[in-house]
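What follows is one structure encoded as structure tokens, with my remarks underneath.
A quick note: this is a predicted structure, and the numbers were derived from the prediction, not measured.
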Amino acid sequence: MSAHEPTNIESKRSVYDTCDRAYLRELREAAGMDLVVLARIACLSVAQVRELETEGSDNLFYSEAIKRQAYKRLLMILGAEPPTVEVPEELQNANQVTD
């Protein structure tokens with residue numbers, strides 16, 4: 001288990017909500033994937049992937065929302081476990097929700 005690997009639901013969610021550059025780089029390196037390959041799979045430029053992995057890079061995304069979406073896409077490609085959503089018990093039965 002790496003230092004940046006999420007251990008519970010809250011930390012899994014925080015990995016997706018914040019751009020953890022070190023965690024992204026660790027995942028890519030653990031997968032043995034080159035920046036160029038990852039960029040092609042994600043339909044991003046190499047410079048954009050590099051920006052998501054390193055501090056102080058140029059802003060190559062139109063907005064922070066687009067940057068966050070690109071980060072999430074990379075995490076999914078690299079196999080990071082997506083955050084789970086806990087549904088309240090009263091909403092778990094569809095028949096009860098409509099009543």
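- Of the inter-residue distances, the one linking L78 atom CG with E29 atom CD reads 11.0 Å to the nearest 0.5 angstrom.
- Taken from OG in S45 to CZ in R50, the straight-line distance is 9.0 Å, to the nearest 0.5 Å.
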Next item on the list: For L74 and E53, run side-chain contact (heavy atoms from CB on, under 4.5 Å): C-alpha distance rounded to whole Å, both residues' side-chain angles, the deciding distance at 0.1 Å, then the answer.
Entry: CA-CA 11 Å; L74 293 178; E53 282 192 358; over 6 Å; no
Margin query: As a quick check of understanding, evaluate side-chain contact (heavy atoms from CB on, under 4.5 Å) for T54 and R21, giving each step before the final call.
Written below: CA-CA 6 Å; T54 58; R21 300 168 192 286; 5.6 Å; no
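- Remark: L35 CG to L52 CG distance equals 10.5 Å, nearest 0.5 Å.
- Partners of R25 by side-chain hydrogen bond (donor to acceptor under 3.5 Å, both in side chains), not counting sequence neighbours: none found.
- In this structure, L44 CG and E51 CD are separated by 10.5 Å, a value rounded to the nearest 0.5 Å.
- Every side-chain contact (heavy atoms from CB on, under 4.5 Å) that I66 has, sequence neighbours left out, goes to F61, Y62, S63.
- Results of the side-chain contact (heavy atoms from CB on, under 4.5 Å) test with V49 over D34, V37, L38, V36 single out L38 as the only residue that passes.
- Hydrophobic clustering (side-chain heavy atoms under 4.5 Å, transitive across Ile, Leu, Val, Met, Phe, Trp, Tyr) keeps I41 apart from L60.
- Taken from CG in N59 to CD in Q48, the straight-line distance is 10.0 Å, to the nearest 0.5 Å.
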